[in-house]
Asker: 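My questions will all concern the structure given below.
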Amino acid sequence: MRVLEYTVQEKDRGRRLGSVLERDMRISRTLISRLKFRHAILLDGQSARTDTRLQPGQTVYAVLEDEKNAWEGLVPSDVLPDVRYEDEDVLIVCKPAPLPSIASARQQGDTLEGRMYAYFGCGEHFVYRPVNRLDKGTSGLMLVAKNSFAQEKLQKDLHTEHFVREYLAVCEGVLPGREGVIDLPIAREKADSVRRVIREDGRRAVTHYRVLREQNGRSLVRLQLETGRTHQIRVHLSAMGCPIVGDYLYGAEHTALPGRFALHACSVRFRHPVTGKIIEMEEKLPRELEKLL
């Protein structure tokens with residue numbers, strides 16, 4: 001359980017409690033409504049209405065307690081997640097491949113969600129809150145929020161200068177120039193299809209790339225997403241004639257990469273949802289992908 005706290009200043013004299021929650025504590029109206037329903041908004045330790053007028057020296061508390069996970073079929077994994085960073089509000093984990101990020105009725109084996117469930121002791125109030133997600137075949141850094149407030153703030157920052165993700169990919173062939181921008185719209189191939197395609201009626205998708213190395217007819221490329229479309233990097237590189245090695249959906253399988261392909265989330269930089277501090281982390285290319293070069 002996470003508790004956000006704010007001490008009322010002289011400048012806040014006479015302000016409504018709801019105004020401080022929204023403007024100073026940066027809690028969304030949706031979350032404020034949920035907190036009100038649970039009587040989880042406190043003033044000096046007592047439940048308070050959001051129209052209460054404040055006095056200097058009072059302390060406002062917002063008690064963030066998640067409800068029980070909606071999917072009853074979740075089982076804990078025998079393996080714990082590889083946690084690279086953790087504080088009261090967020091975790092950075094390194095997801096291996098091929099490991100699904102999300103558990104579901106169709107995906108009931110080992111998942112990152114199941115590992116997180118085990119990590120937190122299988123408590124009845126566990127809620128899995130991934131901020132960004134990785135395909136089963138992609139490895140690397142993922143950010144997981146520990147409460148609804150942190151998740152809301154971080155997801156609002158996605159695809160802004162406050163939340164930057166970069167990837168390393170080993171692809172077939174050589175991209176034009178040492179660096180460039182791929183700006184091609186992406187659409188679902190068919191209504192019931194997993195595959196995405198480049199199509200004029202698709203949603204705008206922009207990927208920045210920089211070629212780090214060329215060797216044996218392959219390239220090591222560092223990529224940054226400006227938008228976040230499904231399979232964006234995979235579709236864009238394939239459209240450029242340089243599919244990711246092992247990408248069974250947009251290229252060809254590779255015997256050295258069973259169940260995965262050569263895409264790795266290598267870097268994350270984000271603004272902490274509570275402290276505002278900038279947190280950065282790098283994760284090197286896995287050995288099995290380095291060998292492809």
Side-chain angles (χ1 to χ4, degrees), residues 84 92-98 101 130-143 154-155 157-187 195-198 202-252 254 257 260-270 278-293:
R84 294 287 198 258
I92 302 175
V93 298
C94 185
K95 185 190 84 68
S101 297
V131 177
N132 63 304
R133 300 183 185 184
L134 297 177
D135 293 333
K136 175 180 178 179
T138 304
S139 59
L141 299 175
M142 272 184 60
L143 190 59
L154 289 165
Q155 289 186 331
D157 280 349
L158 277 173
H159 313 302
T160 72
E161 70 275 13
H162 302 302
F163 197 120
V164 178
R165 293 168 291 156
E166 295 190 1
Y167 296 77
L168 290 171
V170 180
C171 61
E172 303 287 3
V174 179
L175 287 160
R178 302 302 302 178
E179 58 185 59
V181 179
I182 306 171
D183 187 347
L184 296 170
I186 293 176
R195 277 178 54 88
R196 266 56 176 179
V197 293
I198 302 299
R203 301 176 69 186
R204 185 168 184 257
V206 180
T207 305
H208 299 258
Y209 70 86
R210 179 161 50 95
V211 179
L212 303 181
R213 196 161 89 217
E214 299 170 12
Q215 194 168 336
N216 298 327
R218 291 178 175 151
S219 303
L220 176 62
V221 186
R222 189 166 179 124
L223 307 109
Q224 181 178 324
L225 296 176
E226 186 174 319
T227 56
R229 309 304 175 211
T230 299
H231 299 174
Q232 180 173 315
I233 290 175
R234 300 167 64 186
V235 175
H236 272 176
L237 288 179
S238 179
M240 298 295 288
C242 298
I244 295 172
V245 177
D247 190 342
Y248 38 81
L249 200 57
Y250 301 101
H254 194 289
L257 302 175
R260 73 157 302 168
F261 38 86
L263 182 61
H264 178 70
C266 66
S267 174
V268 63
R269 182 175 76 251
F270 64 95
I278 301 300
I279 297 177
E280 299 182 68
M281 183 153 293
E282 289 271 341
E283 182 71 22
K284 67 181 181 179
L285 192 69
R287 179 61 182 155
E288 66 266 27
L289 304 189
E290 180 72 34
K291 285 181 178 179
L292 297 171
L293 294 162

Asker: Under 3.5 Å, is there a donor-acceptor pair between the side chain of T227 and the main chain of V206?
Answerer: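 Yes, because the side chain of T227 sits within donor-acceptor range (under 3.5 Å) of the backbone of V206.
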Asker: Go through the steps for R178 and R210 under the test side-chain contact (heavy atoms from CB on, under 4.5 Å), then give the verdict.
Answerer: CA-CA 6 Å; R178 302 302 302 178; R210 179 161 50 95; 6.0 Å; no
Asker: Show the nearest heavy-atom pair for residues Y250 and D247, with the distance to one decimal.
Answerer: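 Smallest interatomic distance, heavy atoms only, reads N-OD1, 3.3 Å.
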Asker: Excluding sequence neighbours, so at least two apart, what forms salt bridge (charged side-chain N to carboxylate O under 4.0 Å, His left out) with R165?
Answerer: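 Not a single residue meets the salt bridge (charged side-chain N to carboxylate O under 4.0 Å, His left out) criterion with R165.
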Asker: Among E166, E283, E282, whose side chain to side chain donor-acceptor pair (under 3.5 Å) with S267 holds?
Answerer: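 For S267, the side chain to side chain donor-acceptor pair (under 3.5 Å) test succeeds with only one of E166, E283, E282, which is E282.
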Asker: Report yes if the side chains of F261 and V170 come closer than 4.5 Å at any heavy-atom pair, otherwise no.
Answerer: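 Counting from C-beta outward, F261 and V170 never come under 4.5 Å.
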Asker: Between L223 and L237, is any pair of side-chain heavy atoms under 4.5 Å apart?
Answerer: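 Yes. Closest side-chain heavy atoms under 4.5 Å.
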Asker: State, with a plain yes or no, whether a side-chain heavy atom of L263 is found less than 4.5 Å away from one of D135.
Answerer: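 No, every pair of side-chain atoms sits at 4.5 Å or beyond.
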Asker: Taking H159 for its side chain and L225 for its backbone only, find out whether a donor-acceptor pair lies under 3.5 Å.
Answerer: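 A pair under 3.5 Å: no.
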Asker: When the side chains of residues 284-293 are checked against the rest of the protein, which donor-acceptor pairs come out under 3.5 Å, sequence neighbours left out?
Answerer:
from: E288; atom 1: OE2; to: R260; atom 2: NH1; distance (Å): 3.3
from: E290; atom 1: OE2; to: R213; atom 2: NH2; distance (Å): 2.7

Asker: How long is the gap from CZ on R195 to OG on S238, to the nearest 0.5 Å?
Answerer: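 Reported value, rounded in 0.5 Å steps: 7.0 Å.
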Asker: To the nearest 0.5 Å, what is the distance between SG on C171 and NE2 on H236?
Answerer: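 Taking SG in C171 and NE2 in H236, the distance rounds to 14.0 Å.
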Asker: Hey, is R222 close enough to E179 for a salt bridge, meaning N to O under 4.0 Å?
Answerer: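 No.
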Asker: For residues V211 and G177, report the shortest heavy-atom separation together with the two atoms involved.
Answerer: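 Closest approach of V211 to G177: CG2-O, 3.7 Å.
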Asker: Just checking R133: does its CZ atom have more than 12 heavy atoms from other residues, nucleotides or ligands closer to it than 6.0 angstrom?
Answerer: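 No, not enclosed.
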Asker: Please test L168 against L212 for side-chain contact (heavy atoms from CB on, under 4.5 Å), starting from the C-alpha separation and ending with a verdict.
Answerer: CA-CA 9 Å; L168 290 171; L212 303 181; 3.7 Å; yes
Asker: Once rounded to the nearest 0.5 Å, what's the spacing between atom CG of L143 and atom CG of L158?
Answerer: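 Rounded to the nearest 0.5 Å, the CG-CG separation comes to 8.5 Å.
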Asker: If I compare all heavy atoms of A239 with all of I198, which pair ends up nearest, and what's the gap?
Answerer: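 Taking A239 first and I198 second, the nearest heavy atoms are CB-CG1, 3.8 Å.
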Asker: For the residue pair Y209 and V181, what are the closest heavy atoms and their distance?
Answerer: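 Shortest heavy-atom separation between Y209 and V181 comes out as CE2-N, 3.9 Å.
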Asker: Just do the side-chain contact (heavy atoms from CB on, under 4.5 Å) check on I92 and F270 with the steps written out, would you?
Answerer: CA-CA 11 Å; I92 302 175; F270 64 95; 3.7 Å; yes
Asker: Which heavy atom of S219 sits nearest to which heavy atom of V174, and what is that distance?
Answerer: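 Looking at all heavy atoms of both residues, the closest pair is OG-CA, 3.4 Å.
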Asker: Once you round to the nearest 0.5 Å, how far does CD1 of I186 lie from CZ of R203?
Answerer: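 It comes to 10.5 Å.
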Asker: Between atom OG of S101 and atom NZ of K136, what is the distance when rounded to the nearest 0.5 Å?
Answerer: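 It comes to 11.0 Å.
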Asker: Given side chains that start at C-beta, do those of L134 and Y167 come closer than 4.5 Å, heavy atoms only?
Answerer: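 In short, these two side chains touch, coming nearer than 4.5 Å.
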Asker: Mind listing the closest non-hydrogen atom pair of G251 and P243 along with its distance?
Answerer: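 For G251 and P243, the tightest heavy-atom pair comes out as CA-CB, 4.0 Å.
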Asker: Report the distance from atom CZ of R229 to atom CG of L184, rounding to the nearest 0.5 Å.
Answerer: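 It comes to 13.0 Å.
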